[in-house]
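So the structure is just underneath, and the comments pick up after that.
Please read all numbers here as calculations on a predicted model, not as lab measurements. For the numbers below, each heavy atom of this structure counts, side chains included, while hydrogens, waters and symmetry mates do not.
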Amino acid sequence: MATLDLENQLVTVIVLFKVKEGQQIPVVEKVRELFAIAKQQPGFVSANLHRSLDNAKVANYAQWDNMESLEGFRQLPEVQELVAPLQELVEEMDSHIFEIVASESKVGTPVINPQEYFVHFAEFRMPPTNQPRMIELAKEHVGPAMSLDGLLSATFHRSLDGERVINYGQWENQDAISKLTQRPGFGSEDGYWTGLAENEFHLYEVILSEDKAAQSS
């Protein structure tokens, strides 16, 4: 299983697919095929398939031992054959390498398991010069955010290219996260990220997890 640990030295790749209208299920199926290949490769640790409840997005949160293993997987001919038709089903495929920079949890070290929690990806896009300040503000806000009812964990990631910060949050139920969206400061016009980043937010469920432990089961 994927473990979201500040001390984690693994390579974390998050891929967010903005799907064309009506294409979420076909995108999910294509990503499942990629998972089947990935889990057979050396250096693979975990891959976790998420679908947004509004049908707009599909997400993969994956971990690898090192960049060489990840790049080797990406260059496989069978992977390239799947990626081409997948790109026809999406408006955007946003992929970056991340490291965890801040994490708070009520449930110990966060892990990703199917059907366990509702998940949000808060996607912050920014020029690289703004990322350091964005990370500072994320660290200031992640602790107080844990006072929210129903929020079980919040883990901020920074992309190594400086262009993204992603908050991966785990929620006990949908009602709790609905209350969050109604709080002052949540909107894009008045959030702590205003002037630094653009924010996009979707609620997901985890529908499939693959990990290297499953290879021998």
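- Residues satisfying the side-chain contact (heavy atoms from CB on, under 4.5 Å) criterion with E136, sequence neighbours excluded, are R133.
- Shown here is K18, whose NZ atom has no more than 12 heavy atoms of other residues, nucleotides or ligands within 6.0 Å.
- Atom CZ in R32 sits 12.0 Å away from atom CG in N60 (nearest 0.5 Å).
- More than 12 heavy atoms of other residues, nucleotides or ligands sit less than 6.0 Å from atom CD of Q80.
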Problem set entry | Derivation of the ring-ring contact (aromatic ring centres under 6.0 Å, His included) call for Y204 and F121 | CA-CA 8 Å; Y204 295 75; F121 282 89; 5.0 Å; yes
Problem set entry | side-chain hydrogen bond (donor to acceptor under 3.5 Å, both in side chains) between T3 and D5, intermediate numbers included | CA-CA 6 Å; T3 302; D5 190 339; over 6 Å; no
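- Nearest heavy atom pair, residue E163 against residue P128, reads CG-CG, 4.1 Å.
- Heavy-atom minimum distance, L148 versus K106: O-NZ, 3.0 Å.
- Atom CD of Q9 has 12 or fewer neighbouring heavy atoms from other residues, nucleotides or ligands inside a 6.0 Å radius.
- The structure places CZ of F73 at 8.5 Å from CD of E78, a figure rounded to the nearest 0.5 Å.
- Distance check: Y61 OH to S209 OG gives 12.0 Å after rounding to the nearest 0.5 Å.
- A salt bridge is absent between E99 and R164: the closest approach of a Lys/Arg side-chain nitrogen to an acidic carboxylate oxygen does not fall below 4.0 angstrom.
- A pairwise comparison of heavy atoms in V206 and N113 identifies CB-O, 3.8 Å as the closest pair.
- Put simply, CG on L196 and CD1 on I135 are 11.0 Å apart, with the number rounded to the nearest 0.5 Å.
- Using a 4.5 Å heavy-atom cutoff, the side chains of Q41 and L76 are in contact.
- A salt bridge between E88 and K30 is absent, with no side-chain N of the basic residue lying under 4.0 Å from a carboxylate O of the acidic one.
- The closest side-chain heavy-atom distance from V13 to R74 is below 4.5 Å.
- Put simply, NE2 on H50 and CD1 on I207 are 9.5 Å apart, with the number rounded to the nearest 0.5 Å.
- No more than 12 heavy atoms of other residues, nucleotides or ligands sit less than 6.0 Å from atom CD of E198.
- F17 CZ to S95 OG: the interatomic distance, rounded to the nearest 0.5 Å, is 7.5 Å.
- Classified by interplanar angle (parallel below 30°, tilted 30° to 60°, perpendicular above 60°), the ring pair Y192/H141 is parallel.
- Aromatic rings from W171 and Y117 are positioned such that their centres are separated by 6.0 Å or more.
- At distances below 3.5 Å, at least one donor-acceptor pair connects side-chain atoms of S105 with backbone N or O atoms of V107.
- The environment of CD1 in I37 is crowded: more than 12 heavy-atom neighbours from other residues, nucleotides or ligands sit within 6.0 Å.
- Using cut-offs of 30° and 60° on the angle between ring planes, the pair F44 and W64 is perpendicular.
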